[in-house]
There are 2 protein chains.
Amino acid sequence: MIKCTKCQQIEFVQKSGIVRGKQRYFCKSCNYHFTLPEPHNPPDNKRHHQVTIMDIAGQLGISKSTVSRALRGHTDIHAGTRKIILDLAQQLEYQPNPLANALLKSRTNIIGILVPEFRHYFFPTIIMGAQEILSKAGYNVMICQSDESYETEVANVKALMSSRVDGLLVSVTAQTNNFDHFRTVLRKEVPLVFFNRVCPELDTPQVIVDDYNGAFQAVEHLIEQGYRRIAHLAGPVSLLVSRLRMQGYLDALQKHGFPVENELIIHYDLSEEKARIYANYLLSLSQPPDAIFAINDPTAIEIMLVAKSRGIKIPQELGIVGFSNDPISAIIEPSLTTVEQPVWEMGRQAARLLLEQMESPHNVTHTLDTKLIIRNSSVNLRS
Amino acid sequence: MIKCTKCQQIEFVQKSGIVRGKQRYFCKSCNYHFTLPEPHNPPDNKRHHQVTIMDIAGQLGISKSTVSRALRGHTDIHAGTRKIILDLAQQLEYQPNPLANALLKSRTNIIGILVPEFRHYFFPTIIMGAQEILSKAGYNVMICQSDESYETEVANVKALMSSRVDGLLVSVTAQTNNFDHFRTVLRKEVPLVFFNRVCPELDTPQVIVDDYNGAFQAVEHLIEQGYRRIAHLAGPVSLLVSRLRMQGYLDALQKHGFPVENELIIHYDLSEEKARIYANYLLSLSQPPDAIFAINDPTAIEIMLVAKSRGIKIPQELGIVGFSNDPISAIIEPSLTTVEQPVWEMGRQAARLLLEQMESPHNVTHTLDTKLIIRNSSVNLRS
DNA sequence: CTGTTAGCGCTTTCAA
DNA sequence: TTGAAAGCGCTAACAG
């Protein structure tokens with residue numbers, strides 16, 4: 001004896017075929033087709049079945065739609081019903097399955113972050129800044145590091161895209177000359193923000209610091225300290241950041257009427273090994289430099305170590321300035337003069353910019369200020 | 001003329017209204033409502049509709065199962081069909097949607113890594129080691145850092161669990177005394193491996209190094225160098241790693257007949273600030289130590305900086321030994337004697353252990369070797 | 001060898 | 001206010 005779920009009558013109900021293995025009924029009184037609500041039995045084979053809205057609906061004898069609505073906080077739901085649902089959900093430790101949602105909405109709430117390395121202070125700190133903002137906004141973060149390898153970068157972008165990240169925060173490798181993998185990202189309309197090592201030819205939003213002025217001030221400082229033969233151990237030409245710092249270096253020389261000597265300018269791939277090789281090379285020149293401006297602090301520190309091992313006195317015989325204000329630069333002896341950049345803030349800005357992008361795409365470049373921090377590695381005692 | 005999709009008869013089918021713009025039919029013979037299966041047209045409103053197996057199936061006029069099978073590389077499929085499918089997939093740049101798969105299989109192919117910080121060398125390096133193994137095994141990595149805060153750790157575990165990670169690699173904070181959040185993880189049968197800062201009371205697999213012997217050798221080395229009042233700036237008692245290094249310290253003292261002086265032993269929370277405070281405290285004692293064994297390199301370096309600022313000569317007036325062989329320890333002056341541990345390898349081992357767990361749960365502890373690296377901060381010139 | 005179908009967990013129409 | 005059902009993209013059991 002089946003009771004119509006609509007009019008609650010029994011006598012007019014007849015079977016009306018089987019759909020999806022479920023017996024369907026038809027009430028001739030109210031012309032209503034229906035199936036009997038089945039209690040949802042959590043499968044016994046899955047040992048730790050995650051609680052689903054169906055479990056809640058089953059126990060309460062209501063439909064999963066209602067549960068969903070209650071959980072989502074929809075307004076058009078009976079207050080009592082909502083309370084019962086919410087209570088049971090709490091009691092059952094219900095946790096919504098983000099995968100189902102992700103599939104439905106094509107949104108994963110995951111942001112991919114891709115950096116060349118995180119051995120040094122710089123990128124980990126940026127990541128922490130970004131994470132601060134992103135997790136507040138409800139996003140998780142998937143971090144990849146390309147290890148300064150173009151191939152790894154391409155593979156990582158692919159992996160992140162295949163994980164369907166909702167956005168991408170990227171700093172490219174020193175090798176990266178081809179940007180097709182990022183074009184693919186843009187083509188699929190995944191928001192993309194570059195920071196530090198950006199990609200100017202791609203017309204995407206980016207966060208950088210005022211590299212040019214930072215470099216300019218650093219080199220001018222060396223000149224003011226009386227150094228006369230200032231070399232620059234630069235990053236690869238492919239990176240805008242290298243080119244900007246280089247330009248700052250060149251313009252500072254020019255402003256003070258110093259000649260540009262090509263043998264004093266070296267572009268390198270930012271590897272520790274090469275830093276050492278080129279530092280040695282510079283210091284072995286027949287007319288070696290009396291100061292070196294390094295593209296960043298790790299480079300500057302390698303130079304210091306090489307100089308020390310050759311018995312060259314810093315800052316008396318060799319002035320050194322780095323870039324970024326890595327904590328080591330305050331610890332090493334002599335302490336390293338460097339250009340401070342707001343690293344943590346850069347991560348935050350990049351994250352904020354990405355969130356904005358996801359709201360409404362628009363192209364901006366945020367440029368943060370830098371500040372010269374004068375320490376002992378560049379204070380020429382002769383002057 | 002419409003054929004019933006159920007009984008295949010034509011004569012009993014009549015229109016039964018329109019639902020969602022689709023013509024519905026009703027077969028009076030078998031009492032079956034149905035709509036005509038429509039060919040899958042990729043929606044035009046979604047600008048960048050991701051290519052699905054349905055697109056491929058539609059274009060080829062075959063079923064999506066066949067496409068799925070071809071793509072999965074099943075054997076029981078016509079070679080010609082496979083080729084056509086594979087070719088079209090390539091041409092369309094088909095990328096499988098991992099979300100659908102994840103939902104189906106309840107596997108995300110994401111591993112969560114939770115560390116207390118990644119400012120220093122240690123944890124980033126471990127992470128790189130782990131990533132090396134995990135990405136080879138086809139896993140992505142979601143990294144969280146608890147910033148040495150218990151609350152953040154709990155929140156992170158919750159976030160990672162709600163992201164349905166397939167496994168968890170964890171090093172706890174210095175504050176963590178309550179392990180209920182990890183019990184929840186175990187209850188849900190998510191594989192969990194601890195490394196470095198482990199949780200002995202939880203009966204999970206773990207990767208650690210031989211902290212006891214490392215510490216023992218470090219302190220014995222100080223004794224052999226002629227230091228007589230050796231302090232220990234230790235980590236929090238809550239961490240096994242602190243207790244083991246402490247025990248190594250105590251046993252080395254005992255072996256050589258040195259008294260244990262409680263005022264020379266300080267447990268602290270591993271924050272930079274406190275390191276400075278306690279270093280100052282130790283060096284201001286009426287009978288200050290003539291050597292300090294620090295729980296790790298960052299701590300040792302803080303001590304060195306404090307000592308230097310007080311004009312205390314290292315190693316002549318104060319011997320210092322750290323733990324971990326952070327690259328800074330080779331750079332700072334004097335260079336820091338430290339206990340090397342295979343950090344990268346630790347990450348790899350932890351990852352491998354996790355992968356094993358996911359195959360077949362079993363409880364193991366991997367203990368890696370340590371090695372004392374003698375540098376200048378502990379070579380007592382008086383002896 | 002291939003097609004049909006159910007279902008992973010959820011939201012969202014549409015219908016009632 | 002609630003329920004039914006479609007559908008996100010995919011795999012796999014089952015049937016032919």
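Residue numbering restarts at 1 for every chain, and letters A, B, ... go by the order of the sequence lines. Just so it is clear, the model here is predicted, and its values are computed rather than measured. The analysis underlying the following values was restricted to heavy atoms, covering all of them including side chains, and did not include hydrogens, waters or symmetry mates.
- With hydrogens and angles ignored, a donor-acceptor pair under 3.5 angstrom links the side chain of B:S65 to the base of C:dT4.
- Regarding A:R72, its CZ atom lies at a distance of 12 Å from the C1' atom of C:dT12, rounded to whole Å.
- Rounded to the nearest 0.5 angstrom, B:Q131 CD and A:C144 SG are separated by 6.0 Å.
- Here the P atom of nucleotide C:dT12 and the NZ atom of A:K64 are 13 Å apart, to the nearest Å.
- Within the 4.0 angstrom heavy-atom criterion, base atoms lie near A:I53.
- Here the CG atom belonging to B:N140 is positioned 4.5 Å from the CE atom belonging to A:M142, to the nearest 0.5 angstrom.
- One finds the CZ atom of A:F194 at 10.0 Å from the CG atom of A:L169 (value rounded to the nearest 0.5 Å).
- Of all nucleotides listed (D:dT2, C:dG9, D:dC10), C:dG9 comes nearest to the side chain of A:T52.
- B:R164 places its CZ atom 12 Å from the C1' atom of C:dC10, with the value rounded to the nearest Å.
- The residue among B:H74 and B:L103 whose nearest nucleotide of DNA chain D is located toward the 5' end is B:L103.
- A close approach under 4.0 Å does occur between a side-chain nitrogen or oxygen of A:N101 and OP1 or OP2 of C:dT11.
- In this structure, CG of B:L92 is placed 14 Å from P of D:dG9, rounded to the nearest angstrom.
- Look at CZ on A:R107: it is 17 Å from P on C:dC10, rounded to the nearest Å.
- For the atom pair CD of B:E151 and CG of B:N156, the computed distance is 11.5 Å after rounding to the nearest 0.5 Å.
- Among the nucleotides C:dT2, C:dT12, C:dG9, the one closest to the side chain of A:S68 is C:dT12.
- A distance of 9.5 Å separates CG in B:L168 from CD1 in B:I113, rounded to the nearest 0.5 Å.
- Rounded to an integer number of Å, the gap from CD of A:Q95 to P of C:dC8 is 19 Å.
- Distance from the side chain of A:I62 is smallest for D:dG3 among the nucleotides C:dT2, C:dT5, D:dG3.
- Of the candidates D:dT2, C:dG3, C:dA6, the closest approach to any side-chain atom of A:H78 belongs to D:dT2.
- Backbone-only contact: A:K105 has heavy atoms under 4.0 Å from sugar-phosphate atoms and none from a base.
- Within the 4.0 angstrom heavy-atom criterion, no nucleotide atom of any strand lies near A:L99.
- The residue B:D76 sits close to a base: some heavy atom pair falls under 4.0 Å.
- Distance CG (A:L104) to P (C:dG9): 14 Å, rounded to an integer number of Å.
- You'll find that the side chain of A:A100 is closest to C:dC10, out of C:dC10, C:dT4, D:dG3.
- B:R352 places no side-chain N or O within 3.5 Å of a backbone atom of B:G347 that could act as its donor or acceptor partner.
- Across the protein-nucleic acid pair, B:L60 atom CG and C:dG3 atom C1' stand 15 Å apart, rounded to whole Å.
- Side-chain nitrogen and oxygen atoms of A:S63 include none within less than 4.0 Å of the OP1 or OP2 phosphate oxygen of D:dA4.
- Applying the 4.0 Å criterion to OP1 and OP2 of D:dC8, one finds that A:S106 has every side-chain N and O outside that range.
- A sub-4.0 Å separation between OP1 or OP2 of C:dT2 and a side-chain N or O of B:T81 is present.
- Within the 4.0 angstrom heavy-atom criterion, base atoms lie near A:R69.
- Comparing B:N97 and A:R82 by the nucleotide of DNA chain D that holds the closest heavy atom to each, the one mapping nearer the 5' end is A:R82.
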